[in-house]
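Note that the numbering runs from 1 along the sequence shown for the chain.
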Amino acid sequence: PPPLGGGGFSVPFSASAATAGALITLTNTGNTASASALIARTESTAGGAYGLVGEVTSTSPGASSAGVRGINNGTAGSGIGVYGSQDGSGWGVYGQTPDGRGVYGNSGTGTGVYGISSTGTGGRFSSGTGVALEVDGKIQVGGSAPAAFEWTVTGASIDCAGDFCTNIDNPATNGFPDAILIVTHRYAGYNPHPVGVNYVGGKWRIYNEDAAEMPVGTKFNVLVIHP
């Protein structure tokens, strides 16, 4: 394409034409982080103001049509198709629909939607009267303080007179007296007694309700919910 000239046009500007391709194409051949092809700004402080608006005007558009589309042609792990940011406590990206999907993520072999927070909440789902979260498939947990983990009884963890309880030492439960623990036996190292849980000295513990001795090597599944 030809280089940009030094001309200009008057605003407000509006035009209409029919063409099979784009009406306006801008290419920035620079190679710096600030080499944008187009910048749209607004200085409005009113609610609902937009720096840039893309609109599909038809009320019966074709499948996968979009008001705004971002394309990154990178084939490796770097690059973002659409990037939204906000400097305060607002929203980086916001999606809304009366009866569809406000935000939809899709990936063939990767992660469809990924949320992360350093000290806040990585993902939050709510519904007034419907289902807040529906999962079609397996649930997998990970990280340094996972919501579910396996606990194995060791000699050092037994800490009750009569040896009928085991102290759980895990970042997901330590220091959280209001946590909700759901504990089930694992048959690999089985303890044939009814168990309960209580919180003592900054840690949760599993105990045999009949005060029978807790066998070393017993394994439990522990699910942790923080209210």
Distance from [X] atom [atom1] to [Y] atom [atom2], nearest 0.5 Å?
X	Y	atom1	atom2	answer
Asn191	Lys219	CG	NZ	13.5 Å
Leu52	Ile39	CG	CD1	11.5 Å
Ile168	Ile206	CD1	CD1	4.0 Å
Met214	Asn208	CE	CG	4.0 Å
Ile225	Ile180	CD1	CD1	5.5 Å
Leu133	Arg124	CG	CZ	13.5 Å

Testing the basics here: between [X] and [Y], what is the closest heavy-atom pair and its distance to 0.1 Å?
X	Y	value
Ala46	Ser44	N-OG, 3.1 Å
His185	Phe220	CD2-CE2, 3.4 Å
Phe149	Ala172	CE2-CB, 4.3 Å
Gly196	Glu209	N-CG, 3.7 Å
Val141	Ala148	CG2-O, 3.4 Å
Ala179	Val224	CB-CG1, 4.1 Å

Among Thr166, Asn170, Thr173, whose side chain to side chain donor-acceptor pair (under 3.5 Å) with Trp151 holds?
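Single side chain to side chain donor-acceptor pair (under 3.5 Å) partner of Trp151 among Thr166, Asn170, Thr173: Thr166.
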
By the definition side chain to side chain contact (heavy atoms under 4.5 Å, CB included), identify the one residue from Phe176, Trp204, Tyr199 that meets it with Leu181.
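So the option named by the test is Trp204.
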
Applying the 4.5 Å side-chain criterion to the ILVMFWY set and letting contacts propagate, would Ile71 and Tyr83 be lumped into a single cluster?
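No, Ile71 and Tyr83 fall in different hydrophobic clusters.
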
Check the hydrophobic clustering (I, L, V, M, F, W, Y; side-chain heavy atoms under 4.5 Å; chains of links allowed) and say if Val153 and Val197 are grouped together.
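Yes; tracing contacts between hydrophobic side chains, which count when under 4.5 Å, links both residues.
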
For Arg205 and Asn198, run side chain to side chain contact (heavy atoms under 4.5 Å, CB included): C-alpha distance rounded to whole Å, both residues' side-chain angles, the deciding distance at 0.1 Å, then the answer.
CA-CA 6 Å; Arg205 64 183 180 182; Asn198 63 354; 2.8 Å; yes

Is there a donor-acceptor pair closer than 3.5 Å between any side-chain N or O of Gln86 and the backbone N or O of Gly88?
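Indeed, once roles are kept as given, a pair shorter than 3.5 Å links the two residues.
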
Quick one: does Asp210's side chain get under 4.5 Å of Pro194's, heavy atoms only?
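The answer is yes; the side chains approach within 4.5 Å.
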
Would you check, one step at a time, whether the test side chain to side chain contact (heavy atoms under 4.5 Å, CB included) holds for Leu26 with Asn28?
CA-CA 7 Å; Leu26 302 175; Asn28 188 337; over 6 Å; no

